Amino acid sequence: MSLRSTFGRRLLAAAAATLMVAALAAPASAQFIEPPSPLVKQRADTAIHKHTDGYYYMTASVPDYKRLELRRATTLAGLGTATPTTIYQAPASGPLSGWIWAPDVKFYDGAWYLYFSASPSSNTFDQRLYWTRTTSANPLTGSWSAPARLTTGWESFQLDPASFEHNGQRYFTWAQDSPSTNYNSHMYIARMASPTSLATAATEIARPTYGWEMEGVAGVVEGPSPLLKNGRVFIAYSASATDSRYKLGLLSASGTANLLDPTSWSKSPVPVFQTANGVHGPGHGSFTVAEDNRTDLLVFHARDYANPTPDALRDPNRHTRVQQLYWRDNGDPFFGQPLPTGMTKPGIRGQHSNKCVDDWERNTTPGAEVRLYDCTGSNVQAWELSYVGGYYRIRNQHANLCLDNWNSATALNSDVRLSTCNGVAAQDWTILDRGNGWFSLRNRHSGLCLDNYGWDTANGARISQYTCNGNAAQLWRRG
Ligand code: AHR
């Protein structure tokens, strides 16, 4: 083989390697997730729809349940300051004169729809499902139709509509009282014939089966929140009384399954999101994406205190909150724990140390150490978790460098440092769900987990990587 051809082959190999690393480099447009906390005060059951026009559209239950409102903004933070438009005001009498609950906003076939439940003032719990629509491109200025019933096949307490599109079909999910049990609600799905009617009979996909779905009530599974990802269909739902005992559960189905077959659905045996860190009764939200159009976000409501007054429905302080939603090693969503009110720059906080992963001495050069330090909510402890190819690339806001298995080591207690973000396996991390909103971070190259080495709780404590063992030195949460 001539020298020239050898050199040429090496040149091509080098070019290919460069292209490959460039291709692996974290794609642009990921972002730090730092919405105001709470996002919108006194709005519960919040639905946020990010539309093709670049606006976020938001609707929710209002404290007196007497109107449908809609607001929009080009940023999530903007929703907190946007002026809502009243779309419908409950009349003084009739079937919609009582309480209006949990609207969902969708854009189907060139028209905007609000789906919601409403009741007569004579019996505010006698809820029925309704829809209204406008064909105006800007739904805040359009004229909306008189609300009309969306019928489910039988008459009983029904609420919390949420629809979604999958494989060219539209599906409608909701909660409804079943004549077969004494539970408050079961959960159902049906295929939609049109934006205002169902094509199939209701298929029950969940009913209360666990104690954590029956706290303070006979049994509640409500607030279905659909989420499509990784070729699967997920439905988060809310369980138990709407006070501190309110929490999220999760249903999942294969994306190729018959979603109208109840056996296609499996339910997490444990709640996936619940009261913690001073945030009480997190639940009934929706899912959206950040301004980068790729970071998944969980929208939910919660209160800042344990005991609502005068009761869990008429206490007005269920505030809307937004935080990042993650994806764990098996492709399931990982909810973590509610971030404390007011926290906009969540750190990566260790369970054993209660300290945060810190760009030590604010170093911005590759090779910078990360150590544990008191959680400060500052940019040296702020991290962008960018989901690429099933792994997270974890970038420090101050250093603009990524969490790195230094020198691609495999030895126990080897260094984890910050280095130029390059998308190689040493900078790819997997979230392992360790229960109750705690997670471990496993390095793709070493298979080892981020570790509070030596269980040291002092400021400056070493962080390295060690055999994944799920103990407290390897448990982390955002916050
Ligand atoms: O917020 C009003 C109702 O209370 C919602 O429809 C339901 O999800 C919650 O229990």
Side-chain angles (χ1 to χ4, degrees), residues 38 40-48 58-69 88 90 96 98-105 114-121 123-131 147 150 152 156-163 172-177 183-188 206-208 212-226 235-251 271 273-275 280-287 298-303 308-321:
V40 185
K41 287 203 167 184
Q42 297 198 341
R43 291 299 183 269
D45 315 316
T46 306
I48 294 179
M58 174 188 145
T59 189
S61 296
V62 299
D64 67 2
Y65 305 125
K66 285 297 185 183
R67 67 184 180 281
L68 282 179
E69 69 168 35
Y88 177 73
L96 290 89
W99 283 344
I100 293 174
W101 281 356
D104 186 27
V105 54
L114 285 173
Y115 300 94
F116 61 99
S117 71
S119 61
S121 49
N123 179 353
T124 50
F125 283 90
D126 196 17
Q127 295 281 330
R128 294 294 185 274
L129 294 174
Y130 291 86
W131 61 268
L150 191 150
T152 66
S156 69
F157 172 70
Q158 54 196 246
L159 69 163
D160 296 352
S163 55
F172 190 84
T173 60
W174 73 100
Q176 187 164 350
D177 178 8
Y183 297 133
N184 307 70
S185 51
H186 295 203
M187 192 174 298
Y188 299 93
R207 66 172 64 182
W212 54 267
E213 298 168 320
M214 304 173 190
E215 295 168 1
V217 289
V220 163
V221 291
E222 65 182 19
S225 308
I235 295 179
Y237 67 93
S238 299
S240 284
T242 46
D243 54 24
S244 289
R245 295 168 289 188
Y246 210 52
K247 54 182 70 74
L248 291 183
L250 184 71
L251 302 174
F273 197 61
Q274 56 192 319
T275 294
H280 294 267
H284 197 175
S286 52
F287 297 99
L298 168 65
V299 183
F300 64 100
H301 73 232
R303 293 188 178 94
T309 54
D311 60 40
L313 274 178
R314 285 178 293 181
D315 176 295
N317 293 313
R318 289 180 292 175
H319 305 322
T320 295
R321 299 156 185 267

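In this text the structure is predicted, and so the values were computed from the model without any measurement. Just follow the structure's listing: the first ligand is 1, and inside any ligand the first atom is 1.
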Exercise. Quick one: does R318 get an N or O within less than 3.5 Å of an N or O on ligand 1?
Worked result: yes
For this session: Please step through ring pair (Phe, Tyr, Trp, His ring centres under 6.0 Å) for the pair Y115 and W131, ending with a clear verdict.
Result: CA-CA 4 Å; Y115 300 94; W131 61 268; 7.8 Å; no
Exercise. Is any N or O atom of H284, backbone or side chain, closer than 3.5 Å to an N or O atom of ligand 1?
Worked result: yes
Exercise. With the threshold set at 4.0 Å, does a side-chain nitrogen-carboxylate oxygen contact exist between E69 and R43?
Worked result: yes
Exercise. Between Y246 and H284, is a ring pair (Phe, Tyr, Trp, His ring centres under 6.0 Å) present by the stated rule, with each step listed?
Worked result: CA-CA 9 Å; Y246 210 52; H284 197 175; 7.5 Å; no
Exercise. Which ligand 1 atoms does T242 reach within 4.0 Å, using its non-hydrogen atoms?
Worked result: 9 (C), 10 (O)
Exercise. Hey, looking at atom 8 (O) of ligand 1, which of D160, V217, V220 has the closest heavy atom?
Worked result: D160
Seminar exercise, completed: Under 4.0 Å from one or more heavy atoms of A102, ligand 1 contributes atoms 6 (O)
Problem set entry | Protein residue, atom and distance nearest to atom 2 (C) of ligand 1, heavy-atom basis | D45 OD2, 3.3 Å
Problem set entry | atom 9 (C) of ligand 1: nearest protein contact (heavy atom, Å) | E222 OE2, 3.1 Å
Exercise. If you take all heavy atoms of Y183 and A218, which pair is closest and at what distance?
Worked result: CD2-O, 3.5 Å
Exercise. What residue and heavy atom of the protein are closest to atom 4 (O) of ligand 1, and at what distance?
Worked result: L313 CD2, 3.4 Å
Problem set entry | Atom indices of ligand 1, in the order listed, that fall short of 4.0 Å to a heavy atom of Y246 | 8 (O), 9 (C), 10 (O)
Seminar exercise, completed: A student checking ligand 1 against L159 at a 4.0 Å heavy-atom cut-off should list atoms 6 (O), 7 (C)
Exercise. Should K247 and E215 count as an ion pair when the cut-off is N to O under 4.0 Å?
Worked result: yes
For this session: Inspect the contact between D64 and K66 and indicate whether a charged nitrogen and a carboxylate oxygen are less than 4.0 angstrom apart.
Result: no
Problem set entry | Any side-chain donor near an acceptor of the partner, S156 and Q176, under 3.5 Å | yes
